[in-house]
Number of protein chains: 2
Amino acid sequence: MDIAAQRKRGRPPKRIDGGLETRQALVRAGVIALTEKGFAATGIDDVLTQVGVPKGSFYHYFASKEAFGAELIDSYAAYFDHKLDRWLGDRRQPPLGRLHDFMADARRGMQRHDYRRGCLVGNLGQEMAALPESFRARLIEVLLGWQQRLQVCLEEAQAAGELAAGHDCAQLAGFFWIGWEGAVLRAKLERRAAPLDCFSRGYLALLGATAPEGFGFTKEG
Amino acid sequence: MDIAAQRKRGRPPKRIDGGLETRQALVRAGVIALTEKGFAATGIDDVLTQVGVPKGSFYHYFASKEAFGAELIDSYAAYFDHKLDRWLGDRRQPPLGRLHDFMADARRGMQRHDYRRGCLVGNLGQEMAALPESFRARLIEVLLGWQQRLQVCLEEAQAAGELAAGHDCAQLAGFFWIGWEGAVLRAKLERRAAPLDCFSRGYLALLGATAPEGFGFTKEG
DNA sequence: GGAATACTAGACTGGCCGGCTAGAAAATCA
DNA sequence: TGATTTTCTAGCCGGCCAGTCTAGTATTCC
C-alpha cells in the first residue's frame, strides 16, 4: 500500500482533523471486514494492511480487539440507523412504499458487492458463542432499534389505510428482521439476490399489500 | 475422560463395528461443536479432548480439518433429512399440523440446549467467506433438500384443502427456510424462544391457516 | 513365526494472531 | 534553543492451532 511506504517512524505531522483520519480508516475497514467475514475470522493484521497502518498504531487507538469490535458494532449501528431513518421515515412516500424501497436499496447494495458483504449484526449474532459476552446485549439492542423504526412505519401504514387495522405492528416488525437476517445470510451463501426477493415478496404478502409490482405469493394471475 | 484413561497404546482389539466407534464419536462431537460455534472457532483439539482421542487418531480417520468438516455437513444433513421426513411425512397428521409439530419440536430442542446450539448449516453459511469454497455448493444443496420436503408437505396441505390452491408452494417453502434460519440465529442470540415463536406465528399466518392455538398475526380477537 | 496392517501416543513444527514495549519524531514549553 | 511531553510506530513475543512425524503395540495374514 502506498500510504504505508510513505509512513515514517515517530510522531507524524499534525493533521487538521486531529489524527482522526487513521482511526476512522481503521473503523471503516473493520466494518467492511466484519460484514464480509465476521469477527473471529477478521485478523487485526487484515484491517491494518488494508489501511496501511502498522500494528503499533492500532493499539494506540484501541485497547483491544474486543474494544475495536464494540466500536465497529456502534459504527455500523449508527450508519444503519441513519439509513433506516432516511428510507422508512421518508414522508414523501406512502409507508409501505418506503419499506419496499428500503429492501430494493439493500438488494442493490448486496449486488454491488457481489453478495460478499452481509449484515454485520447478523454475522456477529451467529458468532456469539465464540465472542465476548458483552457484544450480545448490544446486538440485541441494535436489532430492537431497527424493529422499532419499522413498527412506526407500519403504524403509519395502518393510519394511511395501507395495512389492515387488525395487524399487530410490533409483531410484524419483529418478524421482518428475523426473516430479513435470514434472507441476507442466504443471499450471501448463494451469491444471488433470489433469497432477498423471495423474502420481500413473502413479507409484503403477509402484510396483505396489494402487489404493486407482481408481488404477492400466489401463482401468477 | 474415562475413555481416554482406558485407551491403550497400539492396535486396539478388533471391534464388532470395525472400529467405527471412535470415528463416529468424533463426528458426533464435531457436529455438536459446529452447531454451537461454527467451523472456524472449533479447534480440532476441542473435539479431541471432548471425545478423549489423541491427535494421531484424528488424522488417521480424516485427511484434514476440511475433510472432517465436509463429513460433518453430510452427517448433519442426513440427521436432519431424517428428522424432516419423520415430521413432515407423518401421514397420521394433517399437513399443516405436521409443520406446526416440527417447529414445536425444534423449539424444544433449542430450549433443551439452552439456546446454545443453532443450525449447523446456518452457522457455516454465515461463515462461508472464510471457509473452503467446496462447502458452499453442499450447503445450498442441503437447504434445497429441506425446501423440497416442505414443498411436498404444503402441496399435500393444498390437496387436503388446508391451504388455498392459489399459493405457490415452492415459493412458500423457500420462504420458510430463509426465515427459519433467521429465527434460529436470533433465538441463539437472545437465548430465548421468542424469535422462533414469532416466526412460527407469522409463517402460519402467511399460509392463511386458521389459528388453532392462538396463532395468527392480528391483535387478539 | 514373521511381515503387514490398523490404530494409538503425543511431542514437534511452522505459521498466524493478539498484544506489548522501546523508541523516534513532532509539538510544546522554558 | 534545548528540554520535555505527546503522539504515534516498528517490530518482537508468547500462545494457539492445523498438521506432521516417529514410535509403539495389538491384530491379522501368509
Discussion item. Do the side chains of A:Arg23 and A:Glu71 get close enough for a salt bridge, i.e. N-O under 4.0 angstrom?
Written reply: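 Looking at A:Arg23 and A:Glu71, the cut-off is met.
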
Practice prompt. Answer yes or no: is there an ion pair linking A:Asp85 with A:Arg149, defined by an N-O contact shorter than 4.0 Å?
Written response: yes

Practice prompt. Check every strand shown and say whether B:Lys55 touches a base, only sugar-phosphate, or nothing at a heavy-atom separation below 4.0 Å.
Written response: base

Worksheet item: Which part of the nucleic acid does B:Gly43 contact within heavy-atom distance under 4.0 Å: base, sugar-phosphate only, or nothing?
Response: sugar-phosphate

How many whole angstroms separate atom [atom1] of [X] from atom [atom2] of [N]?
| X | N | atom1 | atom2 | answer |
| --- | --- | --- | --- | --- |
| A:Asp46 | C:dC17 | CG | C1' | 10 Å |
| A:Lys65 | C:dG19 | NZ | P | 8 Å |
| B:Asp45 | D:dA18 | CG | C1' | 9 Å |
| A:Phe68 | C:dC20 | CZ | C1' | 18 Å |
| B:Leu48 | C:dA9 | CG | C1' | 12 Å |
| B:Leu131 | D:dA18 | CG | P | 13 Å |
| B:Arg23 | C:dC7 | CZ | P | 10 Å |
| B:Ile44 | D:dA18 | CD1 | P | 5 Å |

Are [X] and [N] close enough that a side-chain N or O sits under 4.0 Å from OP1 or OP2?
| X | N | answer |
| --- | --- | --- |
| A:Thr22 | D:dC8 | no |
| B:His60 | C:dC7 | yes |
| B:Tyr59 | D:dG19 | yes |
| B:Tyr61 | C:dT8 | yes |

Discussion item. Salt bridge (Lys or Arg N to Asp or Glu O under 4.0 Å) for A:Glu36 and A:Arg116? Distances and angles first, verdict last.
Written reply: CA-CA 6 Å; A:Glu36 287 181 359; A:Arg116 254 182 276 279; 5.8 Å; no

Discussion item. Both conditions, 6.0 Å and 45 degrees, for the charged tip of A:Lys65 above the ring of A:Phe39: are they met here?
Written reply: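 Yes, cation above the ring, under 6.0 Å and within 45°.
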
Item to complete: Give the nucleotide from the list C:dG10, C:dC17, D:dG19 with an atom nearest to the side chain of B:Pro54.
Response: C:dG10

Practice prompt. Run the ring-centre check on A:Phe175 versus B:Tyr203 and record whether the distance is less than 6.0 Å.
Written response: no

